[in-house]
Amino acid sequence: MTVNKTQDGSSCTLSVEGRLDTMTAPQLETEISKLTDVESLTVDFSKLEYISSAGLRVLLAAHKNFVKKGGMTIRNVNETINDIFEVTGFKDILNIA
């Protein structure tokens, strides 16, 4: 998995590429934990191929943290990832644009 970060003031976009699973979720969790001066987070999934429950856990924790600030949005979700969000109920929790 590759995570690319683009920060503009208090807003940040993390572009995630590859597979977000048990092996790679800690990497994303670490990247998100470094965003102490960020109020608004956008996560771009245009190149994400797969997400496991470990990845969902990282997203839920990030969502809980950023909802207290300026919010978190997930963008460019493909059909496969969208189906996972729908089946798990995450579509009702996360802000998916």
Side-chain angles (χ1 to χ4, degrees):
M1 180 185 74
T2 304
V3 179
N4 294 308
K5 177 178 135 182
T6 308
Q7 190 166 345
D8 183 16
S10 64
S11 297
C12 182
T13 299
L14 294 179
S15 300
V16 183
E17 182 176 341
R19 295 175 58 89
L20 181 52
D21 56 23
T22 304
M23 298 300 293
T24 59
Q27 178 187 349
L28 180 60
E29 189 170 36
T30 298
E31 290 296 324
I32 292 171
S33 71
K34 293 177 186 176
L35 304 176
T36 56
D37 59 339
V38 172
E39 293 179 16
S40 173
L41 176 63
T42 300
V43 184
D44 183 349
F45 278 175
S46 59
K47 295 183 179 179
L48 186 69
E49 301 165 4
Y50 172 81
I51 188 168
S52 74
S53 60
L56 292 173
R57 181 190 57 77
V58 170
L59 292 179
L60 184 60
H63 169 76
K64 286 181 179 180
N65 184 32
F66 279 95
V67 79
K68 299 173 189 172
K69 299 178 181 184
M72 181 177 104
T73 303
I74 299 174
R75 297 196 182 279
N76 303 315
V77 177
N78 68 35
E79 189 176 326
T80 302
I81 304 300
N82 191 56
D83 288 347
I84 292 169
F85 285 156
E86 200 166 302
V87 167
T88 59
F90 274 63
K91 194 165 186 161
D92 298 329
I93 299 169
L94 302 174
N95 180 16
I96 303 169

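Remember, it's a predicted structure, so these values are computed and weren't measured experimentally.
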Measuring from [X]:[atom1] to [Y]:[atom2], what's the distance to the nearest 0.5 Å?
{"X": "K64", "Y": "L59", "atom1": "NZ", "atom2": "CG", "answer": "12.5 Å"}
{"X": "D44", "Y": "R75", "atom1": "CG", "atom2": "CZ", "answer": "9.0 Å"}
{"X": "K69", "Y": "E39", "atom1": "NZ", "atom2": "CD", "answer": "8.0 Å"}
{"X": "H63", "Y": "K68", "atom1": "NE2", "atom2": "NZ", "answer": "10.5 Å"}
{"X": "L14", "Y": "L28", "atom1": "CG", "atom2": "CG", "answer": "6.5 Å"}
{"X": "F45", "Y": "N76", "atom1": "CZ", "atom2": "CG", "answer": "10.5 Å"}

A side-chain contact here means heavy atoms from C-beta on lying under 4.5 Å apart; do M1 and V16 qualify? yes
Min side-chain heavy-atom separation I96-F90 under 4.5 Å:
no
Result for side chain to side chain contact (heavy atoms under 4.5 Å, CB included) between V58 and one of I51, I32, V43 points to I32
Same hydrophobic cluster for L60 and V3, using side-chain heavy-atom links shorter than 4.5 Å among ILVMFWY? yes
Between I93 and F85, does a side chain to side chain contact (heavy atoms under 4.5 Å, CB included) hold up when you go through it step by step? CA-CA 9 Å; I93 299 169; F85 285 156; over 6 Å; no
For the student: nearest non-hydrogen atoms of [X] and [Y], plus distance:
{"X": "R19", "Y": "E49", "value": "CG-OE1, 4.1 Å"}
{"X": "T22", "Y": "S52", "value": "N-OG, 3.6 Å"}
{"X": "G55", "Y": "A25", "value": "N-CB, 4.1 Å"}

Residues passing the side chain to side chain donor-acceptor pair (under 3.5 Å) test with T73, sequence neighbours excluded, are N95
Sorted by chain and residue number, the side chain to side chain donor-acceptor pair (under 3.5 Å) partners of T24 (sequence neighbours excluded) come out as D21
Query raised in the report: Where do D37 and Q7 land on the side chain to side chain contact (heavy atoms under 4.5 Å, CB included) test, with the steps shown first?
Result: CA-CA 10 Å; D37 59 339; Q7 190 166 345; 3.5 Å; yes
**Study point:** Short N-O contact, E86 and K91, less than 4.0 angstrom
**Key:** yes
Checklist entry - Would you find more than 12 non-hydrogen atoms of other residues, nucleotides or ligands less than 6.0 Å from D8 atom CG? => result no
Check the pair L56, I84 against side chain to side chain contact (heavy atoms under 4.5 Å, CB included), reporting the backbone distance first and the verdict last. CA-CA 9 Å; L56 292 173; I84 292 169; 4.2 Å; yes
Side chain to side chain contact (heavy atoms under 4.5 Å, CB included) assessment of K34 paired with K5: CA-CA 11 Å; K34 293 177 186 176; K5 177 178 135 182; 5.7 Å; no
